[in-house]
Amino acid sequence: MVGGLAVHQTSYLINPSSSPIQGSEQRTREQHASCLPSLNQIKSIEEFKQVHAQFIKLGLDQVPRHASELLSACTLLHWGSMDYARLIFDDIKDPGTYDFNTMIRGCVKDCNSVAALHYYKEMLERDTMPNNFTFPFVLKACAQLSGMEEGTQVHSQAIKFGFESDIYIQNSLINMYGKCGEVKSSCKVFDLAGTNKTIASWSALLAAHTRKGLWRECLKLFTVRNNEGWRGDDTSMVSALTSCSHLGALDLGRTIHCSLLRNISEVDMTAQTALIDMYANCGSLEKGLEIFDRMPQKNLWTYSVMISGLAMHGDAKGALQIYSRMLKQGLEPDEVVYVGVLNACSHAGRLKEGIQCFDRMRFEHQIRPTLQHYNCMVDLMGRAGKLEEAHELIEGMPIEPDEVTWRCLLSACKVHGNLELAEIAYRNLLELDSQNTGDCIILSNMYAQAKRWEDAAKFRTDIVNRGLLQAPGFSRVEVKGKMHTFVSHDWSHPQSYQVYEMLYQMEWQLKFEGYSPDVSQISVDVNEKEKRRTLSGQSQKLALAFALLNTSRGCKIRIVTNIRMSRECHEYTALISKIFARETIIKDRHRFHHFKQGQCSCGGYW
DNA sequence: GGAAGGCTTC
């Protein structure tokens, strides 16, 4: 109805009552065809069907050129329909390379890569020669599938057909290997491209590294790219920003932000979202919020990133506000949004709201909870002290719990001192063959706290007997755009001597504040002095001392660590932030802690 | 005769 109306209103159609052309010469047909609307002006599939009917009436659908045009309009325009396109394609007596390419391209656009590969196969079976346009589409289908086997085959066929040095195909290959996680192969193709390289070659290469978690390498390549004079490409910058975000590299992230503003006339939504994520993940939540508030348009990703950012910083109120704004805007939340929302509740101990959101996700938004959601819930309940309920939830889950699930329960047991349930959690971790030394250490510490030294020691020897290696705890701090990494009792840094001297001064001042380290968390039965020595050399403290030495007053200190903040370290940092009047932001394995004037943003709940 | 490549959240 709507389509019909549109057609009559625009009146560029031939009067439907006029007689069809009976096999008259091409020219008459073409004259009629010229009265038809330009295919890319069509706004809906209904309208398209009417035009298609006219083509059939005029016999134009059998003219190869027109048939191809109809096909590509139907596959590629926003209203397009692959089901209908398939009918048109099946009607073409002898489809050419262009038609096959159109179908492959359409299937890829429709995210139906399997169908795309079928058309490619059919193309070869019918001896239709693929051309330089065919391979980018087919490779994109392989990339969508993460199909390394298919991708490699197509790669050899591209070589066989002589397209080895076509830069579009090379870029598609870099992308395909990247999506398959084969970064080495991406690099190989990239190197082979030599001076052919374009800006897209770089961005595909950077994306391949980011996807694989090779963030440092991504940033190194990004620097090389910049030094070679490539500018003004926001896709590459998005990959670089993502890497900064994971590394906590704020200074570099800021530099990229500046160059985005300098080189790109209009920063798009994806880049802005990546900026918000970078700022939030690097400890500068305010800056992230500022960008978020200024964005005239936001999509699901933007909201999602902002919610997770606020959650990580323990701002549950803010996260829930953004979540309602998102709903008000009519956006349908997805499972990732709910991971953020549940995390926010968990980090702030908002048990009631967390349970409400969990229900809303399942019943109102019809999202089946994933293991990640259940893990958030176990964490939320456990840390709020509802240990039995958390245990019940695990037992009743429709999915098998994993290591994370039991570890959430274990650490909640540690916080609330429930040894009995901790033992159950630990047994389950053993059954899952967990190789994590942290689990043994938690239990060992719990026994130590209960003064059950023998049991504590048993768990320590367990670590040795099972041949477990403790992943070294490290802390990173960025000073003048350069990352410095410290492990516990580290002497490898060139400034180590000064760092330990600073540490000594810090502890001296802490003593004046009446601080005495809580050594009860150390499960080895050694003397007090030895325990104190263990505590004072922790990587976070080394990083803190280093930052105090190398940054000026008024400058915020930002540290990223891979271990979970201990009570002792928390109290230590809070006091240092007061004594040295330095705002200190620490990102531990789970969240951010903002220390200011002796207080922490988490309010002691983490 | 006509078409093409790269990016973001847990």
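Below, chains carry the letters A, B, ... as their sequence lines are ordered, and counting in each starts from 1.
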### Contact pattern, 5' to 3', of nucleotides 3-10 of chain B - B, S or - by protein heavy atom under 4.0 Å
BBBBBBBB
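Ring-plane geometry between A/Phe100 and A/Phe89 is classed as perpendicular, the angle between the planes exceeding 60 degrees on a 0 to 90 degree scale with a lower cut at 30. The aromatic rings of A/Phe48 and A/Trp79 sit tilted, their planes meeting at an angle between 30° and 60°.
Taking each heavy atom of A/Glu335 and A/His373 in turn, the nearest pair found is O-NE2, 2.9 Å.
Defined by atom type and a distance below 3.5 Å, a donor-acceptor pair is missing between the side-chain atoms of A/Asn226 and A/Thr223. Between the side chains of A/Tyr120 and A/Gln157, a donor-acceptor pair is found at a separation under 3.5 Å.
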